[in-house]
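A note on names: the letters A, B, ... follow the listed sequences, proteins ahead of strands, and every chain is numbered from 1.
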Amino acid sequence: MDTITAFFSGKPTEQITQNVLGKLLSYQSPSGLVSGYIVEAEAYLGARDSAAHAYQGRRTAANEALYGAPGTIYIYTLHGQYMFDIAVQPKDEPQGILVRGLEPVEGIDIMTKNRGKTGSELTNGPGKLMSAFGIHDKQWNLTMINAGPIKIDLTTGRQPRQIVSSARVGVSRRGDATDAPYRYYVKGNPYVSGMKKRDVDLKTHGWADEPFDN
DNA sequence: GAAGGGATCAGCT
DNA sequence: GCTGATCCCTTCA
(Lines give C-alpha, C1' and ligand atoms only; values in the text may rest on other atoms or scores of the structure.)
Protein backbone atom coordinates (compact mmCIF):
# COMPACT_ATOMS: atom_id res chain seq x y z
CA MET A 1 0.00 0.00 0.00
CA ASP A 2 1.42 3.39 -0.94
CA THR A 3 1.63 6.27 1.51
CA ILE A 4 -1.28 8.19 -0.02
CA THR A 5 -3.62 5.20 0.30
CA ALA A 6 -2.49 4.61 3.87
CA PHE A 7 -2.87 8.26 4.85
CA PHE A 8 -6.34 8.74 3.34
CA SER A 9 -7.93 5.50 4.58
CA GLY A 10 -7.84 3.07 7.48
CA LYS A 11 -9.04 5.54 10.13
CA PRO A 12 -12.09 7.71 10.69
CA THR A 13 -12.47 10.61 8.26
CA GLU A 14 -12.68 13.01 11.20
CA GLN A 15 -9.17 11.91 12.19
CA ILE A 16 -7.79 12.15 8.64
CA THR A 17 -9.18 15.68 8.40
CA GLN A 18 -7.27 16.72 11.52
CA ASN A 19 -4.15 14.98 10.20
CA VAL A 20 -4.07 17.13 7.03
CA LEU A 21 -3.79 20.33 9.08
CA GLY A 22 -0.21 21.59 8.75
CA LYS A 23 0.48 19.55 5.58
CA LEU A 24 1.82 21.40 2.53
CA LEU A 25 -0.51 21.47 -0.49
CA SER A 26 1.19 22.55 -3.72
CA TYR A 27 0.33 23.15 -7.38
CA GLN A 28 2.83 23.40 -10.21
CA SER A 29 0.83 26.01 -12.12
CA PRO A 30 1.60 27.37 -15.60
CA SER A 31 2.75 30.61 -13.91
CA GLY A 32 4.96 28.85 -11.36
CA LEU A 33 4.84 26.84 -8.15
CA VAL A 34 2.26 27.84 -5.55
CA SER A 35 1.82 26.19 -2.17
CA GLY A 36 0.50 26.58 1.34
CA TYR A 37 -0.01 24.80 4.63
CA ILE A 38 -3.55 23.53 5.18
CA VAL A 39 -5.01 25.40 8.14
CA GLU A 40 -8.73 24.56 7.86
CA ALA A 41 -10.64 21.52 6.55
CA GLU A 42 -14.03 19.84 6.88
CA ALA A 43 -14.99 16.16 6.97
CA TYR A 44 -17.95 14.87 4.93
CA LEU A 45 -19.01 11.39 5.95
CA GLY A 46 -20.76 10.09 2.86
CA ALA A 47 -24.13 8.35 2.61
CA ARG A 48 -25.07 8.82 6.28
CA ASP A 49 -24.09 12.53 6.41
CA SER A 50 -27.08 14.73 5.58
CA ALA A 51 -24.77 17.63 4.67
CA ALA A 52 -22.66 15.60 2.23
CA HIS A 53 -22.91 15.56 -1.55
CA ALA A 54 -23.13 11.74 -1.36
CA TYR A 55 -25.96 11.73 1.22
CA GLN A 56 -28.11 8.60 0.89
CA GLY A 57 -25.75 7.29 -1.75
CA ARG A 58 -26.41 10.10 -4.19
CA ARG A 59 -24.10 9.51 -7.18
CA THR A 60 -23.94 11.68 -10.30
CA ALA A 61 -21.35 12.62 -12.89
CA ALA A 62 -20.53 15.69 -10.81
CA ASN A 63 -19.70 13.91 -7.53
CA GLU A 64 -18.24 10.73 -9.03
CA ALA A 65 -14.77 11.58 -7.65
CA LEU A 66 -16.01 11.05 -4.09
CA TYR A 67 -16.45 7.36 -4.96
CA GLY A 68 -12.85 7.07 -6.18
CA ALA A 69 -9.80 5.58 -4.48
CA PRO A 70 -8.38 7.41 -1.44
CA GLY A 71 -6.52 10.50 -2.66
CA THR A 72 -8.78 11.15 -5.65
CA ILE A 73 -9.19 14.89 -6.24
CA TYR A 74 -12.80 16.15 -6.24
CA ILE A 75 -13.28 19.60 -7.74
CA TYR A 76 -16.75 21.11 -8.04
CA THR A 77 -18.30 24.54 -8.42
CA LEU A 78 -20.51 26.42 -6.04
CA HIS A 79 -21.89 29.90 -6.73
CA GLY A 80 -19.38 30.17 -9.54
CA GLN A 81 -16.40 29.32 -7.29
CA TYR A 82 -14.21 26.21 -7.52
CA MET A 83 -13.82 24.01 -4.42
CA PHE A 84 -11.09 21.48 -3.66
CA ASP A 85 -11.81 18.13 -1.98
CA ILE A 86 -9.84 14.97 -1.45
CA ALA A 87 -11.77 11.67 -1.49
CA VAL A 88 -10.93 9.46 1.49
CA GLN A 89 -11.71 5.86 2.49
CA PRO A 90 -11.65 2.93 0.04
CA LYS A 91 -13.12 3.14 -3.47
CA ASP A 92 -16.95 3.34 -3.50
CA GLU A 93 -17.05 4.70 0.07
CA PRO A 94 -17.91 8.35 -0.78
CA GLN A 95 -16.33 10.28 2.08
CA GLY A 96 -14.22 13.37 1.57
CA ILE A 97 -12.32 16.31 2.97
CA LEU A 98 -12.96 19.91 1.90
CA VAL A 99 -9.88 22.16 2.15
CA ARG A 100 -11.07 25.58 3.35
CA GLY A 101 -7.93 27.54 4.20
CA LEU A 102 -4.21 27.66 3.38
CA GLU A 103 -1.30 29.62 4.80
CA PRO A 104 0.68 30.65 1.69
CA VAL A 105 4.30 29.42 1.47
CA GLU A 106 5.56 29.53 -2.14
CA GLY A 107 4.41 31.69 -5.06
CA ILE A 108 2.89 34.42 -2.91
CA ASP A 109 3.51 36.91 -5.74
CA ILE A 110 1.53 34.69 -8.14
CA MET A 111 -1.32 34.30 -5.66
CA THR A 112 -1.42 38.05 -5.03
CA LYS A 113 -1.75 38.66 -8.76
CA ASN A 114 -4.42 35.95 -9.17
CA ARG A 115 -6.51 37.27 -6.28
CA GLY A 116 -6.06 41.01 -6.53
CA LYS A 117 -5.85 40.94 -2.72
CA THR A 118 -3.16 40.69 -0.07
CA GLY A 119 -2.51 39.10 3.32
CA SER A 120 -5.05 36.71 4.77
CA GLU A 121 -7.50 37.54 1.95
CA LEU A 122 -5.33 35.46 -0.41
CA THR A 123 -6.43 32.02 0.74
CA ASN A 124 -8.85 32.23 3.72
CA GLY A 125 -11.75 30.43 2.05
CA PRO A 126 -12.34 27.40 -0.19
CA GLY A 127 -13.10 29.40 -3.34
CA LYS A 128 -10.39 31.94 -2.57
CA LEU A 129 -7.57 29.41 -2.33
CA MET A 130 -8.47 27.87 -5.69
CA SER A 131 -8.58 31.32 -7.23
CA ALA A 132 -5.18 32.09 -5.66
CA PHE A 133 -3.77 28.90 -7.19
CA GLY A 134 -5.16 30.02 -10.56
CA ILE A 135 -7.45 27.00 -10.93
CA HIS A 136 -10.65 27.99 -12.75
CA ASP A 137 -11.78 24.68 -14.24
CA LYS A 138 -12.25 21.01 -13.37
CA GLN A 139 -9.22 19.78 -15.32
CA TRP A 140 -7.81 17.88 -12.32
CA ASN A 141 -11.12 16.49 -11.07
CA LEU A 142 -10.99 12.66 -10.81
CA THR A 143 -7.18 12.61 -10.93
CA MET A 144 -5.02 11.30 -8.08
CA ILE A 145 -3.23 13.70 -5.79
CA ASN A 146 0.59 13.46 -6.14
CA ALA A 147 0.18 11.89 -9.62
CA GLY A 148 -0.04 15.29 -11.38
CA PRO A 149 0.79 18.93 -10.63
CA ILE A 150 -1.31 18.98 -7.44
CA LYS A 151 0.56 17.44 -4.53
CA ILE A 152 0.44 17.05 -0.78
CA ASP A 153 3.64 16.58 1.20
CA LEU A 154 2.97 14.01 3.91
CA THR A 155 6.53 13.81 5.20
CA THR A 156 7.18 17.40 6.26
CA GLY A 157 4.85 20.18 7.38
CA ARG A 158 4.02 21.94 10.61
CA GLN A 159 2.43 20.94 13.87
CA PRO A 160 -0.71 22.79 15.03
CA ARG A 161 -0.47 24.01 18.61
CA GLN A 162 -4.19 23.38 19.04
CA ILE A 163 -6.93 22.11 16.71
CA VAL A 164 -10.42 23.58 17.15
CA SER A 165 -13.59 21.89 15.88
CA SER A 166 -16.90 23.57 15.00
CA ALA A 167 -19.99 23.11 12.87
CA ARG A 168 -19.34 23.12 9.13
CA VAL A 169 -19.81 26.34 7.18
CA GLY A 170 -22.67 26.87 4.76
CA VAL A 171 -24.65 23.78 5.71
CA SER A 172 -27.57 25.31 7.60
CA ARG A 173 -30.91 23.48 7.30
CA ARG A 174 -29.22 20.26 6.15
CA GLY A 175 -30.90 17.78 8.46
CA ASP A 176 -29.45 15.86 11.40
CA ALA A 177 -25.81 16.55 10.54
CA THR A 178 -26.23 20.33 10.28
CA ASP A 179 -24.59 21.03 13.64
CA ALA A 180 -22.07 18.16 13.66
CA PRO A 181 -18.58 19.45 14.59
CA TYR A 182 -16.75 18.24 11.49
CA ARG A 183 -14.91 21.49 10.72
CA TYR A 184 -11.36 21.58 12.05
CA TYR A 185 -8.87 24.45 12.05
CA VAL A 186 -5.56 25.61 13.48
CA LYS A 187 -6.39 27.84 16.44
CA GLY A 188 -5.08 31.40 15.99
CA ASN A 189 -4.08 31.05 12.31
CA PRO A 190 -4.98 34.16 10.26
CA TYR A 191 -5.79 32.14 7.10
CA VAL A 192 -8.75 30.31 8.66
CA SER A 193 -11.98 31.53 7.02
CA GLY A 194 -13.89 34.01 9.13
CA MET A 195 -11.06 34.24 11.67
CA LYS A 196 -11.42 37.40 13.72
CA LYS A 197 -8.39 39.63 14.01
CA ARG A 198 -8.49 39.58 17.79
CA ASP A 199 -8.35 35.75 17.72
CA VAL A 200 -5.19 35.65 15.57
CA ASP A 201 -1.93 34.62 17.23
CA LEU A 202 0.48 36.99 15.47
CA LYS A 203 3.57 35.39 17.00
CA THR A 204 3.09 31.70 16.13
CA HIS A 205 0.10 31.65 13.72
CA GLY A 206 -0.99 28.70 15.85
CA TRP A 207 1.99 26.46 14.97
CA ALA A 208 3.97 24.61 17.59
CA ASP A 209 7.32 24.95 15.79
CA GLU A 210 9.40 27.95 14.65
CA PRO A 211 7.82 31.35 15.26
CA PHE A 212 6.97 33.95 12.64
CA ASP A 213 8.45 37.41 12.15
CA ASN A 214 5.47 39.13 10.55
C1' DG B 1 -15.33 45.02 12.07
C1' DA B 2 -19.87 43.07 11.72
C1' DA B 3 -23.87 42.06 9.15
C1' DG B 4 -26.79 41.75 5.09
C1' DG B 5 -27.85 40.95 0.41
C1' DG B 6 -26.73 40.55 -4.59
C1' DA B 7 -23.72 38.17 -7.97
C1' DT B 8 -23.13 34.07 -10.40
C1' DC B 9 -23.23 29.40 -12.85
C1' DA B 10 -22.76 24.32 -13.30
C1' DG B 11 -25.49 20.67 -12.49
C1' DC B 12 -29.51 18.83 -11.39
C1' DT B 13 -34.93 18.02 -11.95
C1' DG C 1 -36.30 26.84 -13.76
C1' DC C 2 -33.92 26.30 -9.02
C1' DT C 3 -30.27 25.35 -5.89
C1' DG C 4 -26.07 25.81 -3.21
C1' DA C 5 -19.81 22.55 1.19
C1' DT C 6 -19.17 31.05 -1.62
C1' DC C 7 -17.42 35.81 -2.38
C1' DC C 8 -17.56 40.65 -2.29
C1' DC C 9 -19.28 45.10 -1.61
C1' DT C 10 -21.96 48.25 0.83
C1' DT C 11 -23.77 49.96 4.94
C1' DC C 12 -23.86 50.83 9.70
C1' DA C 13 -21.35 51.07 13.84
Q: Measure the distance from CG on A/Asn141 to C1' on B/dA10 and round it to the nearest whole Å.
A: 12 Å
Q) On a plain distance test, is the side chain of A/Tyr76 in donor-acceptor contact with the base of B/dA10 below 3.5 Å? A) no
**Q.** Flag, side chain of A/Arg161 to backbone of A/Trp207, donor-acceptor distance under 3.5 Å
**A.** yes
Q. Rounding to a whole Å, what distance do you find between A/Asn124:CG and C/dC8:P?
A. 9 Å
Q) Do A/Glu103 and A/Thr123 have side-chain N/O donor and acceptor atoms under 3.5 Å apart? A) no
Q | Spacing between A/Leu78 atom CG and B/dA7 atom P, to the nearest angstrom | A | 17 Å
Q.
Would you say A/His53 places a side-chain N or O within less than 4.0 Å of OP1 or OP2 belonging to C/dA5?
A. yes
Q: For side-chain hydrogen bond (donor to acceptor under 3.5 Å, both in side chains), just list the numbers for A/Ser131 and A/Gln81, CA-CA rounded to whole Å, side-chain angles, deciding distance to a tenth of an Å, and then say yes or no.
A: CA-CA 8 Å; A/Ser131 176; A/Gln81 326 290 323; over 6 Å; no
Q.
Can a side-chain donor-acceptor contact be found between A/Asn141 and A/Thr143 if the only test is distance below 3.5 angstrom?
A. no
Q) Is there a side-chain polar atom (N or O) of A/Lys138 under 4.0 Å from OP1 or OP2 of B/dG11? A) yes
Q. Hey, does A/Ala62 reach any base, or is it just sugar-phosphate, or nothing, if we go heavy atoms under 4.0 Å?
A. sugar-phosphate
Q. Between which residue ranges does DNA chain C form stems of three or more consecutive Watson-Crick or G-U wobble pairs, both distances under 3.5 Å?
A. B:1-7 with C:6-12, B:9-12 with C:1-4
**Q.** Nearest listed nucleotide, side chain of A/Leu66, among C/dA5, B/dA10, C/dC8
**A.** C/dA5
Q: Could you tell me whether A/Arg183 contacts a base, only the sugar-phosphate backbone, or nothing, with contacts defined as non-hydrogen atoms closer than 4.0 Å?
A: nothing
Q) Yes or no on side-chain hydrogen bond (donor to acceptor under 3.5 Å, both in side chains) for A/Thr112 and A/Asn114, after CA distance, side-chain angles and deciding distance? A) CA-CA 6 Å; A/Thr112 302; A/Asn114 285 342; over 6 Å; no
Q: Determine: side-chain N/O of A/Arg58 to OP1/OP2 of B/dT13, distance under 4.0 Å, yes or no.
A: yes
Q | A/Val171 or A/Arg115, whichever maps to the more 5' nucleotide of DNA chain C | A | A/Val171
Q) Distance check: side-chain N/O of A/Arg100 vs OP1/OP2 of C/dT6, anything under 4.0 Å? A) yes
Q. Within this structure, what is the CE-to-P distance between A/Met83 and B/dC9, rounded to whole angstrom?
A. 13 Å
Q) Of the candidate nucleotides C/dC7, C/dA5, B/dA2, which contains the atom at the shortest distance from the side chain of A/Asp85? A) C/dA5
Q.
What is the separation between atom CE on A/Met130 and atom C1' on C/dT6, rounded to the nearest whole Å?
A. 13 Å
Q) Do side-chain atoms of A/Asn63 reach the backbone of A/Leu66 as a donor and acceptor pair under 3.5 angstrom? A) no
(Q) Counting only side-chain heavy atoms from C-beta out, which of C/dC7, C/dA5, B/dA2 sits nearest to A/Lys196? (A) B/dA2
Q. Rounded to whole angstrom units, what separation is found between the NE2 atom of A/His79 and the P atom of B/dG11?
A. 15 Å
Q: Using a 4.0 Å heavy-atom cut-off across all strands, classify A/Thr60 as base, sugar-phosphate, or nothing.
A: sugar-phosphate
(Q) Just the rounded figure in Å: distance from P of B/dC12 to CG of A/Asn63. (A) 7 Å
Q: Please check the phosphate of B/dC12 (OP1 and OP2 only) for any side-chain N or O of A/Arg59 closer than 4.0 Å.
A: no
Q.
Is it the case that the side chain of A/Ser35 and the backbone of A/Glu106 share a donor-acceptor pair, with hydrogens and angles ignored and the cut-off at 3.5 Å?
A. yes
Q. Any side-chain donor-acceptor pair under 3.5 Å between A/Tyr76 and A/His53?
A. no
Q) Given atom NE2 of A/His136 and atom P of C/dC7, what is their separation to the nearest angstrom? A) 13 Å
